[in-house]
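Chain identifiers are assigned alphabetically (A, B, ...) following the order of the sequence lines, protein sequences preceding nucleic acid strands; residue numbering begins at 1 within each chain. Quantities reported herein were computed from a predicted structural model and do not represent experimental measurements.
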Protein chains: 2
Amino acid sequence: MISLDAQEISATANLSARIYADLRMKLIIGDLRPNEAVSIRTLASDYNVSAMPVREALRQLASEEALVGAAKKAYRVPNLSPSQAANLFFVRSVLEGAAAELAVLNIRKGDFKILKKFIVQMENAWAKNDASSFLRANYEFHSFIYARAGNAAMQAIIDGLYVRTGPWLAHGIVNLVKPDHWLGEHTRIIDALQNRDGQKARELMEKDAKWGSDLYQRLSSS
Amino acid sequence: MISLDAQEISATANLSARIYADLRMKLIIGDLRPNEAVSIRTLASDYNVSAMPVREALRQLASEEALVGAAKKAYRVPNLSPSQAANLFFVRSVLEGAAAELAVLNIRKGDFKILKKFIVQMENAWAKNDASSFLRANYEFHSFIYARAGNAAMQAIIDGLYVRTGPWLAHGIVNLVKPDHWLGEHTRIIDALQNRDGQKARELMEKDAKWGSDLYQRLSSS
DNA sequence: TCAATGCAACTGTGATCACAGACGTCTTCA
DNA sequence: TGAAGACGTCTGTGATCACAGTTGCATTGA
């Protein structure tokens, strides 16, 4: 049985919303893998609720293409084609680039310590081959920055992209030898933010968002 | 009773999906107005189905913030605050700008006649004060272009933005004297696409996406 | 031994019911 | 005449059941 009263899940009165949020995070950090089946009744049993809230959560995820569902067949985590993955990373680079440029205007002095903490977490997770923790720290690093853009709509949209690329990234990381440049542009992004250099922050963020695409290149050529 | 077997709605086996698509278009063209209540049982009766498919459609729309729902209260069309509207139009300008730049690479010779047809439709609708038709033609013009970017993920995300700005635009248009520049940058965008000038297409599209923001300026200052 | 067939256990989907909280109106009392 | 309280109606939400189509395994036949 999966408990839903974790602190991180907002205490909405709604069962559906909590299951939805929980599954979303599982997708972001790669706890659900491409092509994995998720069934309404199984999840309902895991969460110890009826099928009702689960089916609504799954339908929502399917509508934002975080899951795929065919008629009378189990929902599945999508198996992204090369072009689909490239498309997602392209949108991410466009939006995260714009967000980083805006974030320069709102970033606060104490934020940099937090951002550096996420980098340390990524480093530790990478050393332990812990893909989930690595992806979570990576997400939190990026998420923290584009939250500082002060545009809630943009923030939600980028979140949706992480949900969709998460399983695919996790698959790539575990099936791959360590890339030498796992840090991406993260440290340089912090520098640009500290220097309030919006143009530079944008460029670096656009480049970093393509890190996932690089991963794919190595995957498909190996 | 509202019929769902219109040609435009894809013949998915799913009732929920068809109701979802129908409501989405109603939002895009402003058939549902800000703050309007939409109730599960009322819609179920209108569509002549049970509450089940409707509640799933409404929940989906709420999850993408095309509707808002409080506990035990009817779902409502959101009444956007000035900053929320500005945020949406900003994201639209970023994404549609990038899409227009890509569209230059894929646009076909016969496309321009279609695009000009949409402009004529906008002109006619404007002359008849038909806000729904105006918004539909405007949506189809833009939609046609960003579909040509060849990025399905980006296309779906921009679609979602039109769903959210639709009711607000309709409200602005009907409560406003005609702006003199209703055409926006549409004709110039066609020129840029024809000249395969990606940079220009991007600039014009970014500017045009802010047309809605202009509308708001006039609204709030009147 | 292998392939074809059938059955059993799964899948999502729609309908229906029970429930609790919100809202508005109408009545009643001061 | 006014305000306060109660009741009926409407809201979304969760649970449960029936149904039909899919899948995969086991059995049976050649």
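Going from atom CD of B/Glu56 over to atom C1' of C/dG14 covers 9 Å, rounded to whole Å. Residue A/Leu67 contributes atom CG, which lies 15 Å from atom P of C/dT11 at whole-angstrom precision. At whole-Å resolution of the value, OH in B/Tyr47 and P in C/dA15 are 14 Å apart. A/Leu43 places its CG atom 13 Å from the C1' atom of C/dG12, with the value rounded to the nearest Å. To the nearest angstrom, C1' of D/dT11 lies 8 Å from CD1 of B/Ile40. Across the protein-nucleic acid pair, B/Gln60 atom CD and C/dT13 atom C1' stand 14 Å apart, rounded to whole Å.
Contact annotation: A/Ser16 side-chain N/O to D/dT13 OP1/OP2 distance is not under 4.0 Å. Here B/Tyr75 reaches the OP1 or OP2 of D/dT13: one of its side-chain N or O atoms lies under 4.0 Å away. Distances shown here put a side-chain N or O of B/Asn14 below 4.0 Å from the OP1 or OP2 atom of C/dT13.
A/Glu206 pairs by the salt bridge (charged side-chain N to carboxylate O under 4.0 Å, His left out) definition with A/Arg202, not counting sequence neighbours. Residues that satisfy the salt bridge (charged side-chain N to carboxylate O under 4.0 Å, His left out) test with B/Glu96, not counting sequence neighbours, are B/Arg92. Shown here are the ring-ring contact (aromatic ring centres under 6.0 Å, His included) partners of A/Tyr20, two or more places apart in sequence or in another chain: there are none. Take B/Asp111 and apply the salt bridge (charged side-chain N to carboxylate O under 4.0 Å, His left out) test, not counting sequence neighbours, and it matches B/Arg148.
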Legend entry - Stepwise side chain to side chain contact (heavy atoms under 4.5 Å, CB included) check, B/Ile28 with B/Arg136: CA-CA 7 Å; B/Ile28 289 177; B/Arg136 183 192 290 268; over 6 Å; no
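The nearest heavy atom of DNA chain D to A/Arg76 and to A/Pro53 marks one nucleotide each, and the one closer to the 5' end goes with A/Pro53.
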At a cut-off of 3.5 Å, list every protein nitrogen or oxygen paired with a nitrogen or oxygen from nucleotides 16-25 of chain C, distance to 0.1 Å.
unit_1: C/dC23; atom_1: OP1; unit_2: B/Lys73; atom_2: NZ; d: 3.3

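Taking 4.0 Å as the cut-off between side-chain N and carboxylate O, B/Lys26 and B/Asp22 count as a salt-bridged pair.
B/Val54 comes within 4.0 angstrom of no nucleic acid atom, judged by non-hydrogen atoms across all strands. B/Arg59 comes within 4.0 angstrom of sugar-phosphate atoms only, judged by non-hydrogen atoms across all strands, and of no base.
Applying the ring pair (Phe, Tyr, Trp, His ring centres under 6.0 Å) definition to pairs two or more places apart or across chains, those involving residues 146-166 of chain A are A/Tyr139-A/Tyr162, A/His142-A/Tyr162.
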